[in-house]
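Keep in mind that what you see is a predicted model, and the values were worked out from it rather than measured.
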Amino acid sequence: MASSLQGIAIVIMGVSGAGKSTIGELLAKETNCSFLDADDFHPQSNKEKMRNGVPLSEEDRIPWLEAVGDALRQSLAKRQGVILACSALRMRYREILRSADPNYKPGSYNCVVKFVLLDVGAEVLAARLDKRAAEGKHFMPSKLLKSQLELLQIDESEGIFKVDAAFSPQVIVETIQDFLKRSPDQRMEK
């Protein structure tokens with residue numbers, strides 16, 4: 001069955017612990033899209049830094065985001081629908097991902113790469129990160145949460161759809177699907 005999101009990329013974004021991978025995988029399944037996890041594109045050196053509680057520098061992030069953007073570009077060139085789980089914390093980082101659309105004009109925010117922010121409180125995030133770390137499921141420790149929250153930069157003009165990530169994964173996916181069914185003009189109204 002073909003996806004209704006052919007040639008469109010949906011970036012599920014937010015800080016570590018927001019649920020990007022969980023929601024992204026579920027949304028990809030529900031929409032019959034491929035799924036990419038930006039964490040899979042981190043070089044081992046980035047993962048080691050984070051595991052050791054060292055925040056990534058711009059020199060660490062930019063090549064990683066460019067690699068993620070290249071993967072998006074390849075999917076979009078094939079007219080595939082793709083769901084990407086990626087922190088995309090700063091406008092500059094999202095611009096790198098938007099550039100995967102060959103028709104994108106920088107700063108216009110009008111492109112086939114759309115962003116959904118999983119928004120949730122710091123206490124919930126810290127608890128999720130501690131749980132994942134205790135289970136050995138992720139390289140990101142909760143002590144880096146503060147640096148991620150400080151990096152998070154959202155400008156209303158970007159048209160990023162915000163979802164309360166404290167809800168159950170199924171409710172979050174349904175909310176995103178409802179948003180995606182709206183016309184582009186209605187989506188901007190949020």
Side-chain angles (χ1 to χ4, degrees), residues 1-16 18-43 46 56 58-119 148 151-163 165 172-190:
M1 181 174 142
S3 170
S4 62
L5 298 175
Q6 287 181 330
I8 295 175
I10 306 298
V11 180
I12 307 299
M13 62 170 286
V15 298
S16 192
K20 299 178 298 291
S21 298
T22 300
I23 301 305
E25 287 175 351
L26 286 171
L27 184 62
K29 184 178 177 185
E30 291 289 323
T31 58
N32 199 31
C33 289
S34 60
F35 174 71
L36 297 173
D37 193 324
D39 283 347
D40 295 340
F41 293 83
H42 273 298
N46 282 7
L56 297 180
E58 291 296 288
E59 292 76 24
D60 299 318
R61 284 189 189 95
I62 300 305
W64 162 67
L65 287 163
E66 288 171 344
V68 173
D70 289 343
L72 274 184
R73 189 174 296 103
Q74 290 172 15
S75 293
L76 293 173
K78 297 175 192 169
R79 300 272 314 138
Q80 295 175 335
V82 62
I83 308 298
L84 169 67
C86 182
S87 53
L89 298 175
R90 300 183 90 53
M91 187 183 302
R92 175 180 176 201
Y93 307 159
R94 293 186 292 277
E95 283 293 280
I96 292 170
L97 299 176
R98 285 184 185 102
S99 71
D101 176 350
N103 300 313
Y104 180 62
K105 292 179 181 38
S108 70
Y109 311 129
N110 183 18
C111 74
V112 298
V113 181
K114 310 293 182 192
F115 292 86
V116 175
L117 172 65
L118 299 181
D119 198 20
Q148 284 215 323
L151 271 177
L152 183 61
Q153 172 189 61
I154 302 295
D155 186 317
E156 294 300 319
S157 68
E158 290 183 84
I160 295 171
F161 182 62
K162 294 179 188 174
V163 178
I172 294 167
V173 168
E174 289 169 6
T175 302
I176 295 169
Q177 286 181 290
D178 288 345
F179 167 71
L180 295 173
K181 289 175 187 171
R182 297 183 210 162
S183 72
D185 290 339
Q186 290 174 312
R187 280 189 220 136
M188 291 306 288
E189 295 169 11
K190 294 184 233 118

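When K114, R90, R98 are each tested for a salt bridge (Lys or Arg N to Asp or Glu O under 4.0 Å) with E158, only one passes: R98. F115 pairs in a side chain to side chain contact (heavy atoms under 4.5 Å, CB included) with only one of the listed residues (L84, I10, L97, I12), which is L97. Here the rule is side chain to side chain contact (heavy atoms under 4.5 Å, CB included) with M13, and of L118, L152, L89, D119 only L152 fits it.
Remark: side-chain polar atoms of Q153 are paired, donor with acceptor, to backbone N or O of M91 under 3.5 angstrom.
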**Request:** Go through N46 and W64 one step at a time and tell me if the side chain to side chain contact (heavy atoms under 4.5 Å, CB included) criterion holds.
**Result:** CA-CA 9 Å; N46 282 7; W64 162 67; 4.1 Å; yes
**Message:** The test is side chain to side chain contact (heavy atoms under 4.5 Å, CB included); show your working for I154 and R94 and say whether it passes.
**Reply:** CA-CA 10 Å; I154 302 295; R94 293 186 292 277; 4.1 Å; yes
**Request:** Could you give me the CA-CA distance, side-chain angles and deciding distance for F179 and E174, then say whether side chain to side chain contact (heavy atoms under 4.5 Å, CB included) is met?
**Result:** CA-CA 9 Å; F179 167 71; E174 289 169 6; over 6 Å; no
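E25 pairs by the salt bridge (charged side-chain N to carboxylate O under 4.0 Å, His left out) definition with nothing, not counting sequence neighbours. By the salt bridge (charged side-chain N to carboxylate O under 4.0 Å, His left out) test, R92 pairs with E58, sequence neighbours left out.
A salt bridge links E156 with K162: at least one charged nitrogen is closer than 4.0 Å to a carboxylate oxygen.
A pairwise comparison of heavy atoms in V163 and F161 identifies CG2-CE2, 3.3 Å as the closest pair.
The stretch residues 66-100 participates, sequence neighbours left out, in no ring-ring contact (aromatic ring centres under 6.0 Å, His included) pair at all.
One finds the CZ atom of R73 at 13.5 Å from the NZ atom of K78 (value rounded to the nearest 0.5 Å).
N110 and S108 share no side-chain donor-acceptor pair at under 3.5 Å.
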